Amino acid sequence: VERGSAGAQGVSESKMPESLVELWSYQVDGGAFEATPIIANNQVFACDADGTVHCLNFADGKLVWKAPSDTGYLAAGAYHDGRLIVSDFD
C-alpha cells in the first residue's frame, strides 16, 4: 500500500516501471487474508483470518516462521523496535 507521505496523500516521486513482474507468491491451505500485510526488517508479516501469523522473507517469499493461534486476524499488525504487534478477533 503506497501512502506516499505522512499525510497519506498517495503520491510518490518514484516512477513505476513500464511492466510489472511477479517476483514470488505465497499460498496457504484453506486460509484467507483480510488484514493488510506489513513489511519490516526485510520480512513480510501476514496475519490470516484463520488465526496464523506468517513471516516471509521479503526477497523470495519463503516462509521464515508461522505461529498459529485460537482466533483470526482482520486488521494489519504493527512492527516497532523488533516486535510484531497484532490484534485478533477477540
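Starting from 1, each residue takes its place in the sequence as its number. Here the structure is a predicted model, which means the values were calculated and not measured.
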Side-chain donor-acceptor pairs of residues 17-32 under 3.5 Å, sequence neighbours excluded:
residue, atom, partner, partner atom, Å
W24, NE1, F58, O, 2.9
Y26, OH, H54, ND1, 2.9

Co-membership, hydrophobic cluster, residues I39 and F33, 4.5 Å side-chain: yes
Spacing of OH belonging to Y73 relative to OG1 belonging to T36, to within rounding of 0.5 Å: 15.5 Å
Minimum-distance pair of heavy atoms, taken over all atoms of P37 and V44: CB-CG1, 4.0 Å
hydrophobic_cluster_shared for V53 and I38, side chain cutoff 4.5 Å: yes
Contacts of F45 that satisfy ring pair (Phe, Tyr, Trp, His ring centres under 6.0 Å) - sequence neighbours left out: Y79
Shortest non-hydrogen contact from A76 toward A35: N-CB, 3.7 Å
Set of side-chain contact (heavy atoms from CB on, under 4.5 Å) partners for D60, sequence neighbours left out: N57, K62
Gap between atom CG of N42 and atom CG of L56 - 0.5 Å precision: 13.0 Å
Nearest-0.5 Å distance that lies between atom OG1 in T71 and atom CG in D50: 10.0 Å
